[in-house]
Amino acid sequence: MTYKKELLEIKNLHAGVEGKEIIKGLNLTINEGEVHAIMGPNGAGKSTLSHILTGKPGYVVSSGEILFHGKNLLDLKTEERALEGLFLMMQYPVEIEGVPMMTFLKYAMNAKRKYQGLEELDMSEFMKTVRKQASKLNISSEMLKRAINVGFSGGEKKRMETLQMALLNPDLAILDEADSGLDIDALKTVFLGINALLDGKKSLLIITHHDDLFEYVKPDFVHVFSDGKIIKSGDQTLAFTLEAKGYTDFINEAKC
Amino acid sequence: MLKFSDHIQFQDSSVPSLFSFQQKGREVCAHLTDLKTEAFKYTPIESVLTENYFKVSKNAHDHTHCDCEKKFLPFEAHEIHFCDGALHHHLHYIEGAECLSLEDAFADHETAPYLNKIDLDKFPLAALNTAYVQEGIFLRISKTPAKPIALIYNGKSAGFHNIRNFIILEKGVTAEIFELYQGNDEAYFINMVNEIFVAPDATLTHYLWQNDGKTAVHSSFNHVHVKENGHFNSFAFQTGSKLSRCETHVLLEQENATALVNGAYVIGSQTLADTTTDIEHLSAHTNSDQIVKGVMRDHAHGVFQGKILIKPGAVQTNGHQTHRALLLSDDAKVDVKPALEIYADDVKCSHGATSGALDEEQLFYLKSRGIAEDEAKKILTSAFLNEACEAISNQEIKAFFEKLSFQI
């Protein structure tokens, strides 16, 4: 049996926004190379989890522990978490007028290289790397010339997020409702793109409502999330049961 | 009498016509009691002007042993240098232009057609400039120059520095003027007036970087006349001095005259930067547009006063104005006073102002990609400022300001 290295360990996490607990005793371990999916109804606190993991301002952890690469994640700033290998594919990537996509990618890639003790990429090397990954995701050079996410469709935004994931090569990528707002073609491009990045070492935490995307990225584990914690875990078949029963019935049965 | 009048050293010009020009200024100044007019409501220039600003420094700048002749700008330009209000005697030859010192121009009566265009009773700092002016240049451009003409003002010793320039563009000429203000920590007050005349079909693009020393008080006033099909485009960037005011007054005197008056400022600590514009549409089919963006840190205070005046008969005109402020500290503040005065029908005018902090979502997005907070803030701040630089057509100068907006 091969020894799996723990990448992310969430232990009895209680967290939320000021005055309101949203995550109520969450336990989850993700090992290197594993694909986990968290499924649950709206308002269960799934996105709150992604915000807490990336250190978004406004969230408070009241108790529990999160280890990433064995380090206390909650001690790290948002940017340090990213440099340590955590990536969040956002549900609603923000538009930033006035900052060209390429400039932004260069800052992000060089920040990572600097952290790894590597030299900054020279311009031609950088352009080559970006273009190569961009073409795999059907991202035109015209799109790369635009300001960050400005004027992009939902599908374009998610392809751009995937490009960033490809270039920053994280150890753990959290896909927060990455399938929302995508038509079938865009869903396929994005998730086949993500699937192509899986190298046996990289882990995924997929947060979703539906099992549509499992056609392209197969989860090793599926967790059902309700009222701030995981109520049931299993393999991919759990997703199908869930889809067949609907969240309400499934959760009610689980409570019995 | 102004409270600081006693401290000012007068020097009567030996050129009779310049002396009588000074006299006109002195007559107006004699009636001035203070600078606390409505136009200076938010900018208490008088209260910061202590007598230190009017003392002649013991270590007065020695023009003969000066490094001010070196090249300052990273792009090709004809550079003309001033130190402490005095023109360096060596004036470069500029093909297609006549460039005289103020005294020579007055002695040769070159200035005669351009005198008395500013209502000194309305502009007390221009009255002071007129009363105390010693130096300046008279620049008449008759052929489009090959490169920008740069005027560089170095503040090296304490004192009251008054410079008056006359810049005349003849018919059909296109020219770029770049003004750089810079200095050390001495208490100097630079009080600058440019009188600019844009002939029919001519285009003047005027750039300004106010990077005066942190104790300096700065006032620059551009008074611009634009004739038929003439264009005045400007971009003023303020980053220095303790208190500064960049005032632009444009008179669109004939049909199809246009003015684009843009600017930006980035200030911190206790500084105040004031951008005041007054665009007068005096004729039909005239157009003006303004966008000014300000970034304030610490206890800094930004002021924007923008007025658009449409005179009777100036029909089918467009006048637009926008001011946006980015407040990076809870202690920073901005005062905005837009004014539209419209006395003609069939015109399109607008003004808009916003102020706010950095967008937390944007900041989080950049940080979530591994970009450090300070750098992320710089990226967003310079992106905010870049909108004001967008219209700059000279790519080298545009890149210069964009780089600057990232560094500051």
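The chains referred to below are lettered A, B, ... by the order of the sequence lines, with proteins before strands, and numbering in each begins at 1.
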**Fill in**
Nearest heavy-atom contact between B:G370 and A:A82 is N-CB, 3.4 Å
**Listed partners of A:N42 passing side chain to side chain contact (heavy atoms under 4.5 Å, CB included), at least two apart** = A:H209
**Prompt:** Just wondering, more than 12 heavy atoms not from A:E119 lying within 6.0 Å of its CD?
**Reply:** no
**Prompt:** Which bit of A:I148 is near chain B, if near means a heavy-atom gap under 4.5 Å: side chain, backbone, both or neither?
**Reply:** side chain
**Contact class of A:P100 relative to chain B, heavy atoms under 4.5 angstrom** = neither
Hey, what donor-acceptor pairs show up under 3.5 Å between chain A and chain B?
residue: A:K56; atom: NZ; partner: B:E361; partner atom: OE1; Å: 3.1
residue: A:K56; atom: NZ; partner: B:E361; partner atom: OE2; Å: 3.0
residue: A:E79; atom: OE2; partner: B:E373; partner atom: N; Å: 3.3
residue: A:L88; atom: O; partner: B:R369; partner atom: NH1; Å: 2.8
residue: A:L88; atom: O; partner: B:R369; partner atom: NH2; Å: 3.0
residue: A:E95; atom: O; partner: B:Q362; partner atom: NE2; Å: 2.9
residue: A:N149; atom: ND2; partner: B:Y365; partner atom: OH; Å: 3.4
residue: A:E161; atom: OE1; partner: B:R369; partner atom: NH2; Å: 2.6
residue: A:E161; atom: OE2; partner: B:Y365; partner atom: OH; Å: 2.4
residue: A:E161; atom: OE2; partner: B:R369; partner atom: NH2; Å: 3.4
residue: A:Q164; atom: OE1; partner: B:R369; partner atom: NE; Å: 2.5
residue: A:Q164; atom: NE2; partner: B:Y365; partner atom: OH; Å: 3.0

**Asked** Is there side-chain contact between B:L366 and A:I96, with heavy atoms separated by less than 4.5 Å?
**Response** yes
